[in-house]
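Written below as structure tokens is the structure these notes are about.
In this chain, numbering begins with 1 at the start of the sequence shown.
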Amino acid sequence: MYTYIVVDDEPLIRKGLLKKIGTFEHSLELLGEADNGADALALIESFKPDIIFTDMRMPEVDGKLLIRTVCQQYPRIKLIVISGHTDFDYMQEAISAKVVNYLLKPFSRDEIHGTLHQAIQAIEQERSLQREVVLREVETEQMKRDADMQAFLNYVLAPHSSIKTPVFRSAEFAAIMASDQFILLTIYGPQPLTAQQLPTFSNGLYIPHPQTDQVLFFLMHDLDCSGQLDLQKMAEQTASIILTKSETTDCCVGISLPHTGIGGVREAHHQTILALDERAITDFGKCYVFSREQFPLHQLKWARTYELLFFIESGNVPKVEELITDFFAFYIRQPDALLAHLKEQCRDIITETKRLLSNYIQNGGNSSASSSLEAVLNVSFDMECIRHYMVKVLTGTALLLKEDNPYASDQVIDNVRTYIDNHYTKDLTLEWVSSLFYLNPSYLSHLFKEKTSENFTDYVNRLRIRQAKQLLTSTDDKIYRVAKQLGYDNPKYFFRVFKKLTGWTPEEYRKQHKSFTANNKEPGHV
């Protein structure tokens, strides 16, 4: 569709022109007629037509002034002159204005149609060029935005703070970073999330997480925000709208405090994770605002961790799977359990599992498992995702250790001794070890004495005191800390056992060690 106006002081000329234009093959829309240049300029100002048909000699404002004004103020409008005069000045003005054609009255239909084809071709060429320019600008801005988004994510998610501070070049990111304050929202959903599923806001943008499609960031700002409280309230309202209009009711949103500049985005991200973790495990469909008044987590521990680790170490995959199920069921049963409780114990279990690997496999002590866990915990805010990871890692470790199972001896006491040798620093009891090897405690006590000529408790104490001597002479740790490291919750009991086996109290042993060392002797022996 192309639009046009007709300017001529002779009504019959206008009528004849319109009749000829009406048979043109393209769809044209008449926006108005004028019988002088002044009225024509008013029409042009109001409607911005694509094409103007104009006479040259008219009252008030003639064609020369009209085409000169249009050329200066509306250079994209195509001018077609219709005149009964071959005046040189008129034609020179038309040429300088680059009119499409200068038609002399009377003109034929074919002349009008041919001139219209020229005008439309010129319009299309300009529109095509304009579209290409706009498209390139959009593509360039999108490339800048994508690059900024990647730089932002690299900076926020990098494990170390030494990464180079990014410089943003897209309009959106530059505006946010130039604002007085910004707030980061971390949006989590059990199902994949896309920005297209969520409402749009003029003062922020969605940023997809590079590692999971269940997490979206929303970086928002308000250039007109007068204070921290205003922006915080705005963020909470935004989160509420996101939750209300999202396609799933199980989303949850963590909200950071207001921050300034790119230097604050890492802390903002950390705050959103803490906010999401400080909620009940089964709590969804809400927003959670980080508070600096964080309270220490109360103690909430699943009691079967060492049992799980034993079956990982022994390569018993079915028992590992059974205990993982019990582990998560335990937290579901706790009415005051927070996601942070679950994640903290997952960290403890993975740390101990990594230690097991380091005991049996070369380079097993690297940090890949712990780093992998942290990456998972930073994007997982429901039990199922965490459970899936724990099953994968712990059963995988059990399978890996199965061939090197240290408890594969036909002699059960050999297996028991191996377990004690590896874990004497833990809180070992006869009942506990008996349960691991499916033995009656009395029977294990009898069998252990028979095979080793030493009772269970004495054997454990001997290993612990041997290690205690090493710690006392190689560290400055307090005595109660040494006792704790070796599985003695009661320091007084540690004192009694140590003196019974060495003839010295721990303090005396440490004090005398220097002088005995000088003479290449050791005070006491176990």
Side-chain angles (χ1 to χ4, degrees), residues 296-297 299 301 303 305-307 309-310 313 344-345 347-367 370 406 413-434 436 441 444-445 448-449 451-526:
L297 288 176
Q299 287 297 317
K301 290 286 186 180
T305 298
Y306 291 129
E307 187 178 352
L309 293 169
F310 168 75
E313 186 180 17
E344 189 59 34
Q345 191 155 16
R347 290 185 179 96
D348 293 343
I349 291 171
I350 291 296
T351 298
E352 289 297 315
T353 301
K354 187 180 72 170
R355 187 187 62 78
L356 287 177
L357 278 172
S358 67
N359 290 338
Y360 296 103
I361 299 176
Q362 187 176 7
N363 298 325
N366 61 55
S367 61
S370 299
I413 292 304
D414 291 340
N415 295 331
V416 170
R417 287 182 60 180
T418 299
Y419 183 79
I420 297 172
D421 291 348
N422 291 339
H423 303 286
Y424 61 84
T425 59
K426 294 182 173 58
D427 183 20
L428 297 185
T429 65
L430 181 65
E431 290 72 17
W432 162 253
V433 176
S434 300
L436 293 181
L444 175 59
S445 177
F448 194 91
K449 177 74 173 180
K451 298 293 184 180
T452 66
S453 302
E454 194 172 14
N455 68 44
F456 177 90
T457 303
D458 289 345
Y459 185 81
V460 172
N461 282 333
R462 182 168 59 80
L463 294 178
R464 288 175 171 177
I465 298 307
R466 183 175 65 189
Q467 180 65 14
K469 291 167 63 179
Q470 194 275 328
L471 292 173
L472 287 168
T473 57
S474 62
T475 74
D476 294 324
D477 289 346
K478 300 290 185 182
I479 303 300
Y480 77 90
R481 291 187 180 275
V482 172
K484 188 73 173 177
Q485 290 180 60
L486 295 170
Y488 292 107
D489 290 329
N490 186 341
K492 292 182 179 180
Y493 178 64
F494 169 65
F495 272 60
R496 290 198 300 271
V497 173
F498 191 93
K499 186 165 187 178
K500 177 182 177 182
L501 295 181
T502 66
W504 303 81
T505 67
E507 292 94 336
E508 291 171 341
Y509 184 86
R510 174 176 274 171
K511 187 180 296 184
Q512 295 295 324
H513 178 264
K514 291 182 181 180
S515 61
F516 280 98
T517 301
N519 297 318
N520 294 320
K521 295 180 180 180
E522 184 179 359
H525 64 277
V526 178

Q) Mind checking whether Ile479 and Phe495 have side chains closer than 4.5 Å, heavy atoms only? A) yes
(Q) Measuring from atom CD of Glu313 to atom OG1 of Thr353, what distance do you get when rounded to the nearest 0.5 angstrom? (A) 10.5 Å
Q. Within a radius of less than 6.0 Å around NZ of Lys500, do more than 12 heavy atoms belonging to other residues, nucleotides or ligands occur?
A. no
Q. Which value, rounded to the nearest 0.5 Å, describes the distance between Ile420 atom CD1 and Asn415 atom CG?
A. 11.0 Å
(Q) So which atom in Tyr424 and which in Asp421 form the shortest heavy-atom distance, rounded to 0.1 Å? (A) CD2-O, 3.3 Å
Q: Would you give the length of the straight line joining atom CZ of Arg464 to atom CZ of Phe498, rounded to the nearest 0.5 angstrom?
A: 14.5 Å
**Q.** Minimum-distance pair of heavy atoms, taken over all atoms of Arg510 and Leu472
**A.** NE-O, 2.9 Å
**Q.** Inter-residue atom distance Tyr480.OH - Asp489.CG, 0.5 Å rounding
**A.** 13.5 Å
Q. Would Glu344 and Arg347 count as a salt bridge (Lys or Arg N to Asp or Glu O under 4.0 Å) if you check the C-alpha gap in whole Å, the side-chain angles of each, and the deciding distance to 0.1 Å?
A. CA-CA 5 Å; Glu344 189 59 34; Arg347 290 185 179 96; 3.5 Å; yes
Q. Leu428 versus Tyr306: any side-chain heavy-atom pair under 4.5 Å?
A. no
Q) With sequence neighbours left out, what residues match Ala483 under side chain to side chain contact (heavy atoms under 4.5 Å, CB included)? A) Tyr488, Phe494
Q. Side chains of Asp348 and Thr305: closer than 4.5 Å at any heavy-atom pair?
A. no
Q: Evaluate the side-chain proximity of Lys451 to Arg417: yes if any heavy-atom separation is below 4.5 Å, no if none is.
A: no
Q. Where is the tightest heavy-atom contact between Gln467 and Leu486, given as atom of each residue plus distance?
A. CG-CD2, 3.4 Å
Q: Given salt bridge (Lys or Arg N to Asp or Glu O under 4.0 Å), test Lys511 with Glu508 step by step and report yes or no.
A: CA-CA 5 Å; Lys511 187 180 296 184; Glu508 291 171 341; over 6 Å; no
Q: Identify, with sequence neighbours excluded, every residue that meets side chain to side chain donor-acceptor pair (under 3.5 Å) alongside Lys449.
A: none
(Q) For Tyr509 versus Thr473, what's the shortest heavy-atom pair and its separation? (A) CE2-CG2, 3.5 Å
Q | Ile349 versus Leu309, closest heavy-atom pair with distance | A | O-CD2, 4.1 Å
Q. NZ of Lys499: more than 12 outside heavy atoms within 6.0 angstrom?
A. no
Q.
Return the CD1 to CG distance between Ile465 and Asp458, rounded to the nearest 0.5 Å.
A. 11.0 Å
Q. Should Leu463 and Thr425 count as side-chain neighbours, where that means a heavy-atom distance under 4.5 Å?
A. no
Q. Roughly how far apart are His423 NE2 and Thr418 OG1, rounded to 0.5 Å?
A. 9.5 Å
Q: Find out whether Leu430 and Phe448 are in side-chain contact, i.e. whether some heavy atom of one side chain is under 4.5 Å from a heavy atom of the other.
A: no
Q: Kindly give the heavy-atom pair with the smallest separation between Ser434 and Leu444, and that separation in Å.
A: OG-CD2, 3.2 Å
Q. Is Tyr459 close to Arg462 at the side-chain level, that is, under 4.5 Å between some pair of heavy atoms?
A. yes
Q. Can you find a pair of side-chain heavy atoms, one from Arg481 and one from Thr475, that are under 4.5 Å apart?
A. no
